[in-house]
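Below you'll find the structure, written out as C-alpha cells, and then a few comments.
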Amino acid sequence: MKPKVFITRQIPENGIKMIEEFYEIELWEDPKAPPREVLLEKVREVDALVTLVTDKVDEELLENAPRLRIIAQYAVGYDNIDIEGATKRGIYVTNTPGVLTDATADLAFALLLSVARRIVEADAFVRSGEWKKSEVGWHPLMFLGYGLKGKTLGIVGFGRIGQAMAKRARGFGMRIIYYSRTRKPEAEKEIDAEYVDFETLLKESDFISLHVPLTKETYHLIGEKELKLMKPNAILINTSRGAVVDTNALIKALKEGWIAGAGLDVFEEEPYYNEELFKLKNVVLAPHIGSATHEAREGMAELVAKNLIAFAKGEVPPNLVNKDVVKIRKPGFG
Ligand code: NAP
Ligand code: GLV
C-alpha cells in the first residue's frame with residue numbers, strides 16, 4: 001500500500017504527477033487554506049503532509065499526527081513550522097530553496113523600481129483620467145522620483161535571494177553594502193559588496209532590502225528605532241516575511257516622512273487589509289507573490305515531489321531542513 005499524503009492546496013501538476021507514483025494523494029482543492037479543525041483531522045491519518053507558508057504546523061498539530069513522518073513545505077521559508085517539535089518526533093521537514101531565488105529577487109527589484117519611480121501612482125494618474133483633466137502634457141517637475149545609479153543599496157540577509165538582489169543592483173550601477181549573520185567573503189568579492197554592521201547599513205543606505213528568514217532574532221528587526229536611523233530619502237523593500245518589520249512603526253515612518261517609501265510583498269497577517277497603509281501614495285504593495293512565476297512554482301512542485309520520493313525510497317531528502325532528525329529516525333515508511 002502506498003503511504004498517504006495530504007496536500008493542503010493545489011500545486012502545479014508536474015509535482016502531482018511525480019508524487020502520485022509513490023503516494024496516495026488527498027488534495028485540498030479550495031484556494032482558501034483548510035480550516036484548522038480540518039487540518040487537525042486530516043493529519044491524524046496521513047504519513048506525509050505538503051504545507052504552505054499559511055499552514056500552521058505547531059505542537060498541537062504534531063501531537064495530532066501519530067503517523068506523520070515527513071512535512072514537505074512548498075516554500076523556502078518555514079517559519080510556520082515548529083522545527084524543534086518535528087525533529088524530536090522524528091518527523092522530516094523539507095523546503096524548496098534555490099528554484100525561487102531569481103523570481104523573488106526580480107520581484108524585490110521590481111518593487112524597488114516601482115517605489116523609486118512612482119510607477120503605480122503614475123499608472124493610477126493616467127488611468128483615472130486625472131492626467132487628461134490636468135491638461136498638463138509634460139512638465140519638468142511632474143512625478144519626480146529617485147535615480148538608482150551611484151546610490152547605496154543595503155541588503156539585510158546575504159543568502160541566496162539577498163545575493164541575487166545585489167547582482168541585479170550591480171547592473172544599475174549601485175553601491176552594495178550588506179549585513180548578515182555570517183560574513184560571505186567570496187560573495188563579497190564576486191559581487192563587489194561590502195560588509196557593514198547593521199547600524200551602518202541603516203544609516204548609509206538609500207535603499208534597504210530585507211532577505212532574512214523570520215526567526216526569534218529577526219522578529220521586528222526593523223522597528224521605530226531602526227526606521228529613525230534611516231535616511232529621509234530611504235526606501236525599504238520587504239520580500240522576506242511581514243513580521244520582520246513592525247508594521248505600525250513603518251506606517252508612522254511613512255506618514256511622518258522619516259523615510260521616503262516602501263515596497264512590501266509580505267505582511268504580518270496574510271491576507272492583509274489596512275486602510276491607513278493603503279492610503280499612502282509612497283508605498284507599493286503585492287500579495288506575497290515573490291515566487292509567483294510559472295518557472296519558480298513548477299520548480300517548487302518538482303522539489304516537493306523529489307523530497308517526498310527520496311523519503312519514500314528510504315533516502316535522506318535533498319532539501320532536509322532539520323538535519324538532526326536522521327539521528328532520531330531513519331528516512332522511509334518501513
Ligand atoms: P537563505 O539563502 O537562507 O538566506 C537567508 C540569509 O539570512 C542567510 O545568509 C542567513 O545567514 C541570514 N540570516 C539569518 N538570520 C539572520 C539574522 N538574525 N541576522 C542577519 N542575517 C540573518 O534564504 P533565501 O533562500 O535567500 O530566502 C530568504 C527568505 O526570503 C526566506 O526565509 C523567506 O522568508 C523569504 N522568501 C519570500 C518569498 C516571497 O514570496 N516574498 C519567496 C522566497 C523567500 P547565514 O548565511 O548565516 O545562514
Ligand atoms: C515564500 O514566501 C517562500 O518562503 O518560499
Side-chain angles (χ1 to χ4, degrees), residues 9 11-12 50-55 57 71-81 83 93-112 154-168 177-188 191 193 195-202 208-222 226 236-245 262-268 270-272 284-293 295-304 307 319-321 323:
R9 234 78 93 248
I11 64 168
V50 174
T51 48
L52 268 59
V53 293
T54 42
D55 301 318
V57 178
I71 301 165
Q73 168 91 335
Y74 185 78
V76 67
Y78 45 82
D79 47 279
N80 56 308
I81 302 175
I83 297 294
V93 179
T94 65
N95 68 343
T96 61
V99 290
L100 43 52
T101 297
D102 287 322
T104 310
D106 285 349
L107 197 270
F109 211 82
L111 285 175
L112 187 154
I155 293 184
V156 181
F158 209 50
R160 287 173 291 254
I161 302 171
Q163 290 178 31
M165 179 70 175
K167 286 176 186 162
R168 281 152 179 76
I177 58 177
Y178 79 94
Y179 167 73
S180 207
R181 185 170 56 186
T182 324
R183 211 172 149 169
K184 319 273 177 199
E186 283 192 13
E188 275 176 37
I191 302 168
Y195 177 82
V196 293
D197 63 51
F198 189 41
E199 194 171 318
T200 304
L201 183 139
L202 297 172
I208 294 178
S209 193
L210 306 177
H211 299 287
V212 285
L214 175 61
T215 61
K216 281 193 205 94
E217 292 74 37
T218 62
Y219 176 79
H220 282 193
L221 185 69
I222 304 290
E226 291 72 24
L236 178 69
I237 306 299
N238 189 11
T239 58
S240 64
R241 283 290 181 268
V244 173
V245 178
L264 308 175
D265 180 46
V266 286
F267 300 87
E268 291 202 61
E270 293 179 0
Y272 189 72
V284 175
L285 308 166
H288 201 150
I289 55 167
S291 65
T293 64
E295 296 82 358
R297 292 286 163 85
E298 281 171 17
M300 290 160 72
E302 187 178 332
L303 279 195
V304 162
N307 283 304
N319 308 109
L320 184 61
V321 168
K323 306 241 185 289

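As the structure is a computational prediction, the values presented were derived from the model and not from experiment. Heavy atoms only: backbone and side chains are in, while hydrogens, waters and symmetry mates are out. Both counts, for ligands and for their atoms, begin at 1 and track the order of listing. Starting from 1, each residue takes its place in the sequence as its number.
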Minimum heavy-atom separation for Val245 to Leu210, with atom names?
-> CG2-CD1, 3.4 Å

Mind checking whether Tyr195 and Tyr178 have parallel, tilted or perpendicular rings, split at 30° and 60°?
-> perpendicular

Is Leu214 in contact with ligand 1, taking contact as a heavy-atom separation below 4.0 Å?
-> no

Record the part of Thr218 in heavy-atom contact with ligand 1 below 4.0 Å; permitted values are side chain, backbone, both and neither.
-> side chain

Is it true that a side-chain atom of Asp102 and a backbone atom of Ala105 form a donor plus acceptor pair closer than 3.5 Å?
-> no

Asp106 and Arg168: CA distance, side-chain angles, deciding distance, side-chain contact (heavy atoms from CB on, under 4.5 Å) verdict = CA-CA 8 Å; Asp106 285 349; Arg168 281 152 179 76; 2.7 Å; yes

Report yes or no: does Gln73 contribute a side-chain atom to a donor-acceptor pair with the main-chain N or O of Gly77 at less than 3.5 Å?
-> yes

Without swapping roles, check the side chain of Asn307 against the backbone of Asn319 for a donor-acceptor pair under 3.5 Å.
-> yes

CG of Leu214 to CZ of Arg241: how many Å apart, nearest 0.5 Å?
-> 7.5 Å

Measure the distances from the heavy atoms of Thr215 to every atom of ligand 1 and state whether one is below 4.0 angstrom.
-> no

Report yes if some N/O of Ile289 lies less than 3.5 Å from some N/O of ligand 1; otherwise report no.
-> no

Any heavy atom of Ser240 sitting closer than 4.0 Å to ligand 1?
-> yes

Close-contact set for ligand 1 against Phe158 heavy atoms, below 4.0 Å | 9 (O)

Answer yes or no: does an N/O atom from Ser291 fall short of 3.5 Å to an N/O atom of ligand 2?
-> no

Heavy atoms only: which of Arg183, Arg181, Arg241 is nearest to atom 21 (N) of ligand 1?
-> Arg181

Do Thr218 side-chain atoms and Pro213 backbone N/O form a donor-acceptor pair below 3.5 Å?
-> yes

Is a side-chain N or O of Asp265 found less than 3.5 angstrom from the main chain of Thr239, in a donor-acceptor match?
-> no

Closest non-hydrogen contact found for Glu217 with Leu221 is O-CD1, 4.2 Å

May I ask you to list the atoms of ligand 2 that are less than 4.0 angstrom from any heavy atom of Arg241?
-> 1 (C), 2 (O), 3 (C), 4 (O)

Starting from atom 37 (C) of ligand 1, locate the nearest protein heavy atom and write down its residue, its atom name and how far away it is, to 0.1 Å.
-> Thr239 O, 3.0 Å

Please answer whether the main-chain N or O of Glu295 pairs with a side-chain N or O of Glu298 as donor and acceptor at a distance below 3.5 Å.
-> no

Less than 3.5 Å between some nitrogen or oxygen of Glu217 and one of ligand 1, yes or no?
-> no

Using distance alone, determine whether Val76 and ligand 2 share an N or O pair under 3.5 Å.
-> yes

Short N/O distance, under 3.5 Å, between Arg160 and ligand 1?
-> yes

Under the 3.5 angstrom rule, does the side chain of Thr104 hit a backbone N or O of Leu100 as a donor-acceptor pair?
-> yes

Could a heavy atom of Thr101 be found less than 4.0 Å from some atom of ligand 1?
-> no

Can any side-chain N or O of Arg297 pair as donor or acceptor with the backbone N or O of Ile11 at less than 3.5 Å?
-> no

Can a non-hydrogen atom of Lys184 be found less than 4.0 Å from any atom of ligand 1?
-> yes

If you measure every N/O of Gly77 against every N/O of ligand 2, is any gap under 3.5 Å?
-> yes

Does an N or O from Ile161, backbone or side chain, lie closer than 3.5 Å to an N or O of ligand 1?
-> yes

Out of Pro287, Ala108, Pro213, Gly159, indicate the one that has the non-hydrogen atom closest to atom 7 (O) of ligand 1.
-> Pro213

Subset of ligand 1 atoms that lie under 4.0 Å from at least one heavy atom of Ser291 = 40 (O)

Are the side chain of Ser180 and the backbone of Phe158 linked by a donor-acceptor contact shorter than 3.5 Å?
-> yes

Counting from 1, what ligand 2 atoms have a heavy atom of Leu100 closer than 4.0 Å?
-> 5 (O)

Starting from atom 44 (C) of ligand 1, locate the nearest protein heavy atom and write down its residue, its atom name and how far away it is, to 0.1 Å.
-> Val76 CG1, 3.3 Å

For atom 5 (C) of ligand 1, what's the nearest protein heavy atom and its distance?
-> His211 O, 3.5 Å

Ligand 1 atoms nearer than 4.0 angstrom to some heavy atom of His288 are 39 (C), 40 (O), 41 (N)

Quick one: which ligand 2 atoms are inside 4.0 Å of a heavy atom on His288?
-> 1 (C), 2 (O)

Kindly say whether Asp55 contributes a backbone atom to a donor-acceptor pair with the side chain of Asn80 at under 3.5 angstrom?
-> yes

At under 4.0 Å between heavy atoms, what of Thr96 touches ligand 2? The answer is neither

Can you list the ligand 1 atoms lying under 4.0 Å from a non-hydrogen atom of Ser180?
-> 9 (O), 11 (O), 12 (C), 20 (C), 21 (N)

CG on Leu303 to OH on Tyr74, rounded to 0.5 Å = 10.0 Å

May I ask you to identify the nearest protein heavy atom to atom 42 (C) of ligand 1, giving residue, atom name and distance to one decimal place in Å?
-> Thr104 OG1, 3.2 Å

Given that the side chain starts at C-beta and the backbone is N, CA, C, O, which of these parts of Thr182 lies under 4.0 Å from ligand 1, counting heavy atoms, or is it both or neither?
-> both

Counting only heavy atoms, which portion of Val212 has something under 4.0 Å from ligand 1: side chain, backbone, both, or neither?
-> both

